[in-house]
Amino acid sequence: MKSKILSLAVVTGLSLAACATPTPTAAPKPAAPAATTAPAAPAPAATTAPAAPAPTTAPAPVAAPSNAANVIIGGFDVGPGGFPERFDNFFAGAGHYRFEFYLSKLVRYCDVSLSKMCGDLAEKWEVAPDGKTVTFTLRDAKWHDGSKVTADDVIFTISRQLDKGASRYGGSFTAITGSKDYTEGTAKTLAGLSAPDAKTVKIALDKPNTPLLDTLSFIGIIQKKQFENVPPADLSKSDLWKNGIIGSGPFKLTKYVAGQYTEFEAFADYYGGKPKVDKIINRHFPEAGTALIALQKGEIDFTYVTVDELDKLKSNADLKVIEGPSLVGQSMYFNLRTKELDDKRVRQAIMHAVDRDTIIKTLWKGTALPSNCFFSPAGPYNSKDANPYKYDVAKAKALLKEANVDLAKLGEVEFLTYYGDQLSKDMLAVISEQLKEIGLKTKLRFVDVPTFNAEFYNKETKWTLAWVGAGNGPEPDNIYTSHHSSEEWPKGININVIKNAALDKLLDEGRVEGDPAKRQAIYQKVCQLSNDEALRGYMLESTRYGAASKKLGNFIYTPSPGGGRYMAYPEKWTKQ
């Protein structure tokens, strides 16, 4: 049977005949492009935080800042999962760009190929031969209030990751010695964290934890003195994140105007030297299209753009397009609480019912790759033997017959997503039409990120299918918290819920294995197993684009969901 995508051109508002396929320029590939970051879990209930020492929200709209010399203005959290106006670093799954401005980490990636880890607050680190102790030596760095960053601040920050309700990254720190006693409340401190002196942090582990450095590249170090009186369960919604937070990064968060913008001023005492620009301003836009208009008018210097918006930029000589692998695997999540979807033959049937190849060729103009498991299709952890699930409606119907499942009996099911750009709307409209061929009727719901999180991460789930982007980075272990059975939400972000003993065993092995070749083999097996079981509807990985003013210099944008943790040194940016 022919794909119905061409007949749907009128329905989706596309003129497919006019869609010339561009030839993307080569982008740097990560050394190990695997792993994931899913949309952040919803934050715990709000709390009353200590008095805010800095300017805060305005009740009425105010004029946007004018674009001036030596000030960079951007839509730094525009795009899928960008998390506009969410400031709690420990729950952010994407939109990390602004955290890089004002929160330092222990370590960070320092090249666009994501092949090199450098120290940030850590001047150096040493891993013991048995892999069970990591010792960090801190550099001389100051908080924005002028006090020194100490080992106690680092220990406090890492401990908070294991406090219930305080962070989405807790599952990545369970190898620290004493973590079980700490999380169960039988110990008040983590035995595996120690500070021999103010500039030394030791992390003792029960077993080797190869992805530890990658995990730490997510975590902005916070000042113990500022946050220690905020109860862990209330940390996520504390006003301190956006009102007067004291960081140690190159810029200080100095002003937040709700619904409008956040302002960051250069920090003269930053350990790396005062930034070359005086201010960075993050404009908050209700949608990506509005940000693109602002960029074209010269009101901002940077924003995210989609592939179908590139033609609008070709005639603008003042702008440059930055492209690279998105490091985002877009997938259809199956709610495995739905009885019919608990049978892998049903999930496999759904995969065969979607004509990915034609969707990529037409809607994505050839700028995406089919993704057959969680890992990047171009990376070392993807299995060459993974089932490509080619479009085959007859096979899909045969699988449903074999499983004795009639999807039409489900009625109209909810298909939820936070992807709101026109390209995604067109693609999901096509997919929904194709699913009708096997009796599955869907109701598409496009919502903003806060609404998505409230409905997606919820024990009373109403969605049956969800379209989600899960970021591929250089560390494959990031799959752990979304696929391991021990990470069932709300502990981790395994929400659909995936429970597979063989997969758990492989993920546990990969976490402790230090030999790169053996790790690669383990995660290729993870790919093969998750593909065979169709644990999710793994679909595609796209090229992602940013557009920037040519006035910007030393501006490095890695088009990935990790945002800030993959963006190199904003303090070096310049503006003519």
Side-chain angles (χ1 to χ4, degrees), residues 3 5-6 8-9 11-29 33 74-82 94-95 112 285 287-296 300 302-316 319-332 354-371 376-378 417-431 446 467-472 538-548 557-563 566:
S3 165
I5 188 169
L6 295 178
L8 284 165
V11 175
T12 61
L14 291 177
S15 177
L16 297 180
C19 292
T21 302
T23 303
T25 57
K29 301 293 182 182
F76 291 105
D77 48 22
V78 171
V112 293
F285 292 94
E287 57 182 21
T290 310
L292 180 58
I293 292 170
L295 179 70
Q296 292 173 306
I300 64 174
F302 169 80
T303 190
Y304 158 90
V305 293
T306 59
V307 64
D308 55 340
E309 294 173 329
L310 294 179
D311 288 343
K312 299 176 184 178
L313 304 175
K314 288 181 179 178
S315 60
N316 194 326
L319 300 176
K320 58 185 176 182
V321 173
I322 306 169
E323 69 174 86
S326 68
L327 309 184
V328 176
Q330 295 191 34
S331 304
M332 187 188 306
V354 177
D355 188 357
R356 284 186 294 172
D357 290 343
T358 304
I359 288 172
I360 289 171
K361 182 179 179 180
T362 55
L363 302 186
W364 285 94
K365 304 179 183 180
T367 64
L369 293 172
S371 182
S376 172
T417 188
Y418 56 84
Y419 278 85
D421 60 277
Q422 192 58 50
L423 173 58
S424 296
K425 289 181 178 179
D426 294 337
M427 173 180 62
L428 294 179
V430 168
I431 289 174
F446 299 93
W467 189 267
V468 179
N472 300 321
Y538 309 102
M539 288 290 175
L540 59 87
E541 181 182 288
S542 68
T543 300
R544 190 168 279 195
Y545 303 90
Y557 166 65
T558 304
S560 68
Y566 295 154

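Here the CD1-CG distance, from Ile359 to Leu423, works out to 10.0 Å after rounding to the nearest 0.5 Å. Annotation: the span from Tyr418 atom OH to Trp467 atom CH2 amounts to 10.5 Å, rounded to 0.5 Å. One finds the NZ atom of Lys361 at 9.5 Å from the CG atom of Asp357 (value rounded to the nearest 0.5 Å).
Between Leu540 and Arg356, the closest side-chain pair of non-hydrogen atoms is not below 4.5 Å. The shortest distance between side-chain heavy atoms of Gln296 and Lys312 falls below 4.5 Å. Looking at Asp426 and Gln422, their side chains come closer than 4.5 Å, going by heavy atoms from C-beta outward. Residues Pro370 and Ile360 form a side-chain contact, since some pair of their non-hydrogen atoms from C-beta on lies under 4.5 Å apart. Counting only heavy atoms from C-beta outward, the side chains of Val354 and Met539 approach each other to under 4.5 Å.
In terms of modelled atom types and a separation under 3.5 Å, the side chain of Thr362 and the main chain of Thr358 share a donor-acceptor contact. When atom types are taken as modelled, the side chain of Thr367 and the backbone of Trp364 share a donor-acceptor pair closer than 3.5 angstrom.
When all heavy atoms of Tyr419 and Gly469 are compared, the pair lying nearest together is OH-CA, 3.3 Å. Considering all non-hydrogen atoms of both residues, Ala291 and Val78 come closest at CB-CG2, 3.9 Å. Here the closest non-hydrogen pair linking Leu369 and Pro377 is CB-CG, 3.8 Å. The minimum heavy-atom distance linking Ile300 with Thr303 is given by the pair CD1-CB, 4.1 Å. When all heavy atoms are compared, the tightest approach of Thr543 to Gly324 is CG2-O, 3.4 Å. Closest non-hydrogen pair, Ser542 versus Ser326, comes out as O-OG, 2.6 Å.
A side-chain donor-acceptor contact under 3.5 Å links Glu541 and Ser376.
A search for side-chain contact (heavy atoms from CB on, under 4.5 Å) contacts involving Ala547 returns Leu295, Val305, Leu313, not counting sequence neighbours. With sequence neighbours left out, the side chain to side chain donor-acceptor pair (under 3.5 Å) criterion links Thr306 to Asp308, Glu309. Among residues two or more places apart in sequence or in another chain, the side chain to side chain donor-acceptor pair (under 3.5 Å) test is passed with Asn316 by none. With sequence neighbours excluded, no residue satisfies ring pair (Phe, Tyr, Trp, His ring centres under 6.0 Å) with Tyr538. Under the side chain to side chain donor-acceptor pair (under 3.5 Å) criterion, Tyr304 pairs with no residue, sequence neighbours left out. In this structure Ala548 satisfies the side-chain contact (heavy atoms from CB on, under 4.5 Å) test together with Phe302, Lys320, Ile322, Leu552, Phe555, sequence neighbours excluded.
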Kindly indicate, with the supporting measurements, whether the criterion side chain to side chain contact (heavy atoms under 4.5 Å, CB included) is fulfilled by Leu310 and Lys365. CA-CA 11 Å; Leu310 294 179; Lys365 304 179 183 180; over 6 Å; no

